[in-house]
Amino acid sequence: MKQRYLAGVAVCAASIAVLASCSGGGGDEQAADVDFSAEPTGALAAWGFENADDVGQSRLDYAAEQLPDVDVTLDATAFDAQKLTTRIASGDVPDVVQMDRRYVTTYAAQGLLIPLDSCFEAQDVDPTERWYQSVVDDVTYEDAVYAVSQFYQPPAILLNMNVLNEAGVSPDEIDTSDMDGLLAAIEKMYQASGSTPTRLGFDPVATGQGGLWVLGMGGQLTDADGRPTLDDPSNAAGIEALKQITDAQGGYAAVKSFTDSFDTFGDANQFVQNQVGAQVANQWYPNVLSAYRDQISLQAVPFRDADGEPFSLASGTAFVIPVGAENPAAACAWLTQLTSTDAWMAAGAARAATIEENDGINTGLFTGSPEADEMVRSEYVTPSGDEGFDQVISTYYDVVGSGLSFGSSPAGQDIQNELNNAITAALLGDKTTEEALGDAQQAAQRAYDNATAN
């Protein structure tokens, strides 16, 4: 089996180019013609498999052992939205493509992907048992599941206890459901030189985590059919919360300029340099900070919704089988093996070995599968000797089950982009929140109309 690598966590930044000539139905027609229960054999071409790591390679190795008659060729170039539609139109179709989950419904609506319900039935996989419901919702369109998901990196709030202790702030004061209390805590921690921040009390990551704030404060980005609802009045609360937080720390322009200067992955990162008291961060970031555990003191609290309950959003990647794939039966078998609990346990063992070799902290694997998450945690996530890091790890495990989908929509990536545009305009004061959301809705609706045009 020819192998290169499987992405551990891939973030696709390409923009969707919608082909107006594509129409729905193609995927359903090919799915009806595929015998997904056929013996998996033959050549299999997979694309979008970048970012080599131990977690990915161990799963590839496991799948190879289970499917010895499948000859896999991996294209390690990054997924590209325009390239995919061009390849499908020209007949140069890979059997498997890896992409961010927010792209999946766009292609499903255009009839470019094969629905996988029959695949799951043939492989005796119940999607709602294998994956968190929010992860399944991400890739469901018109009652069909169109992708095999992997990973779920929930957000929470990392606390820099050196800053909190210095300012006399307790962890329970970092509560996103209590804006008055949160603003008071921010004021205690915030420092500036004139109008320029030198320390943020709280970095809300306004555009990178905009969906978390809007949905967590009671908003909705799409309706039940995937149509954008950015101008829904309920979306204003999250943006107004972000404006209060950034205005309390010099304004959004100053906050953004300061955070852009952070050495996020380096030795002078914002926690080592005490440039933040608290920051919204996805689960993977404590892995970065573990290398600096002798210099920092961490804890974490959940992001809390408007009702005070822990809240998170599903994010991650997925595998799809495009219309025109030459070996969809083998693709189905391969993808379900790659995301099986046994494959994730092999990945857990590989990651544990890497961590032991590097004297690191095992923060767990957040696979998108509740069974795999718990088994990896039970087997490999042991006390680190750092109570703060152990508390951080537990917090992420506590919130992973509280996740919601961003909303499955044919205009999913466009909705995210337009939401960020609206947040930026509102926080800068260029538009009122209502104006910004109204303009964003118009742009997102155009993208939706194009994506669903027949």
Decide side chain to side chain contact (heavy atoms under 4.5 Å, CB included) for Gln133 and Val136; before the verdict, give the C-alpha distance in whole Å, the side-chain angles of both, and the deciding distance to 0.1 Å. CA-CA 5 Å; Gln133 185 63 55; Val136 178; 4.2 Å; yes

Evaluate side chain to side chain contact (heavy atoms under 4.5 Å, CB included) for Arg59 paired with Gln150, printing each intermediate quantity in order. CA-CA 12 Å; Arg59 292 161 59 210; Gln150 60 168 356; 2.9 Å; yes

Quick one: does Ile114's side chain get under 4.5 Å of Phe36's, heavy atoms only? yes

By the ring pair (Phe, Tyr, Trp, His ring centres under 6.0 Å) test, which pairs, at least two apart or in different chains, include something from residues 160-182? none

Using a cut-off of 6.0 Å, state whether more than 12 heavy atoms not belonging to Asp143 lie near its atom CG. no

Asp100 and Thr317: side chain to side chain donor-acceptor pair (under 3.5 Å), yes or no, with the steps? CA-CA 4 Å; Asp100 189 282; Thr317 55; over 6 Å; no

How close do Ser234 and Gly219 get, heavy atom to heavy atom, and via which atoms? OG-CA, 3.4 Å

A side-chain contact here means heavy atoms from C-beta on lying under 4.5 Å apart; do Ile239 and Val214 qualify? yes

In Asp137, Thr105, Thr106, the residue satisfying side chain to side chain donor-acceptor pair (under 3.5 Å) with Ser408 is Thr105

Using the side-chain contact (heavy atoms from CB on, under 4.5 Å) criterion, which residues pair with Asp267? Sequence neighbours excluded. Tyr292

Would you call the rings of Trp344 and Phe151 parallel, tilted or perpendicular, where under 30° means parallel and over 60° means perpendicular? perpendicular

Could you tell me whether a side-chain N or O of Gln98 sits under 3.5 Å from a main-chain N or O of Ala318, the two making a donor and an acceptor? no

Checking the side chain of Arg130 only, and the main-chain atoms of Glu371 only, is there a donor and an acceptor separated by less than 3.5 Å? no

Does any part of the side chain of Trp334, heavy atoms only, come nearer than 4.5 Å to the side chain of Pro40, both counted from C-beta? no

Measure from NZ or CZ of Arg293 to the centre of the six-membered ring of Phe389, then state whether that distance is under 6.0 Å and the direction lies within 45° of the axis. no

Ion pair check, Arg351 and Glu356, cut-off under 4.0 Å: no

Report yes if the side chains of Leu44 and Thr73 come closer than 4.5 Å at any heavy-atom pair, otherwise no. no

Separation between CG of Leu427 and OG1 of Thr207, rounded to the nearest 0.5 Å: 8.5 Å

Check for a donor-acceptor pair, side chain of Asn160 on one end and backbone N or O of Gly277 on the other, with a separation under 3.5 Å. no

Candidate pair Phe202 and Gln279, rule side chain to side chain contact (heavy atoms under 4.5 Å, CB included), full reasoning: CA-CA 6 Å; Phe202 181 33; Gln279 183 179 51; 5.6 Å; no

Only pairs at least two apart or in different chains count here, so list each ring pair (Phe, Tyr, Trp, His ring centres under 6.0 Å) that has a residue in residues 119-139. Phe120-Trp131, Tyr132-Tyr152

Taking the six-membered ring for Trp, are Phe79 and Trp47 parallel (under 30°), tilted (30 to 60°) or perpendicular (over 60°)? tilted

Pairs meeting criterion side-chain hydrogen bond (donor to acceptor under 3.5 Å, both in side chains) with involvement of residues 185-195, two or more places apart: none

Mark yes or no for whether Asp247, through its side chain, and Gly251, through its backbone, hold a donor-acceptor pair below 3.5 Å. no

Return each pair, listed once, that meets ring pair (Phe, Tyr, Trp, His ring centres under 6.0 Å) where at least one residue sits in residues 227-248; pairs must be two or more places apart or across chains. none

Would the number of heavy atoms belonging to other residues, nucleotides or ligands and lying under 6.0 Å from CG of Asp124 be above 12? no

Beyond-backbone contact of Phe303 with Gln209, side-chain heavy atoms, under 4.5 angstrom: no

When rounded to the nearest 0.5 angstrom, what distance separates CD1 in Ile296 from CG in Asn162? 8.5 Å

Is there a side chain to side chain donor-acceptor pair (under 3.5 Å) between Asp53 and Gln57 once you walk through the steps? CA-CA 6 Å; Asp53 69 1; Gln57 189 59 55; over 6 Å; no

Applying side-chain contact (heavy atoms from CB on, under 4.5 Å), can you list everything that pairs with Leu404, at least two apart in sequence or on another chain? Phe311, Leu313

Minimum side-chain heavy-atom gap Ile174-Leu159 below 4.5 Å: yes

Work out which heavy atom in Ala343 is nearest to a heavy atom in Gln337; give both atom names and the distance. CB-O, 3.2 Å

What pairs with Thr363 under side chain to side chain donor-acceptor pair (under 3.5 Å), at least two apart in sequence or on another chain? Asn287

For Val125 and Pro127, which heavy atoms make the closest approach, and how far apart are they? O-CD, 3.4 Å

Step by step, work out the side chain to side chain contact (heavy atoms under 4.5 Å, CB included) result for Met345 and Val376. CA-CA 6 Å; Met345 290 302 289; Val376 170; 3.8 Å; yes

In chain order, what residues pass the side-chain contact (heavy atoms from CB on, under 4.5 Å) check against Thr259, with sequence neighbours excluded? Leu200, Asp203, Val255, Lys256, Phe262

Sorted by chain and number, sequence neighbours left out, side chain to side chain donor-acceptor pair (under 3.5 Å) with Ser369 holds for none

Donor-acceptor pair, Ser312 side chain versus Pro155 backbone, under 3.5 Å? no

side-chain contact (heavy atoms from CB on, under 4.5 Å) partners for Ser257, two or more places apart: none

One pair to check against ring-ring contact (aromatic ring centres under 6.0 Å, His included): Tyr397 and Phe366. What are the steps and the verdict? CA-CA 8 Å; Tyr397 273 110; Phe366 285 67; 4.5 Å; yes

Side chain to side chain donor-acceptor pair (under 3.5 Å) for Thr367 and Asp373? Distances and angles first, verdict last. CA-CA 6 Å; Thr367 67; Asp373 281 358; 2.9 Å; yes

Looking only at atom types and distance, does a side-chain atom of Gln283 sit under 3.5 Å from a main-chain N or O of Tyr396, one as donor and one as acceptor? no

Quick check for you: to the nearest 0.5 Å, what is the distance between Ser409 atom OG and Arg102 atom CZ? 12.0 Å

Under a 4.5 Å cut-off applied to non-hydrogen side-chain atoms, are Met375 and Thr341 in contact? yes

Show me, pair by pair, the donor-acceptor contacts under 3.5 angstrom made by side chains of residues 176-185, not counting sequence neighbours?
{"from": "Thr176", "atom 1": "OG1", "to": "Arg304", "atom 2": "N", "distance (Å)": "2.8"}
{"from": "Thr176", "atom 1": "OG1", "to": "Arg304", "atom 2": "O", "distance (Å)": "2.7"}
{"from": "Ser177", "atom 1": "OG", "to": "Asp175", "atom 2": "OD1", "distance (Å)": "2.6"}
{"from": "Ser177", "atom 1": "OG", "to": "Asp175", "atom 2": "OD2", "distance (Å)": "3.4"}
{"from": "Asp178", "atom 1": "OD1", "to": "Gly181", "atom 2": "N", "distance (Å)": "3.2"}

Hey, can you pull the donor-acceptor pairs under 3.5 Å for the side chains in residues 377-385, sequence neighbours left out?
{"from": "Ser384", "atom 1": "OG", "to": "Asp386", "atom 2": "N", "distance (Å)": "3.1"}
{"from": "Ser384", "atom 1": "OG", "to": "Asp386", "atom 2": "O", "distance (Å)": "3.3"}
{"from": "Ser384", "atom 1": "OG", "to": "Asp390", "atom 2": "OD1", "distance (Å)": "2.8"}

Can you check whether Ile157 reaches Thr395 side chain to side chain, under 4.5 Å on heavy atoms? no

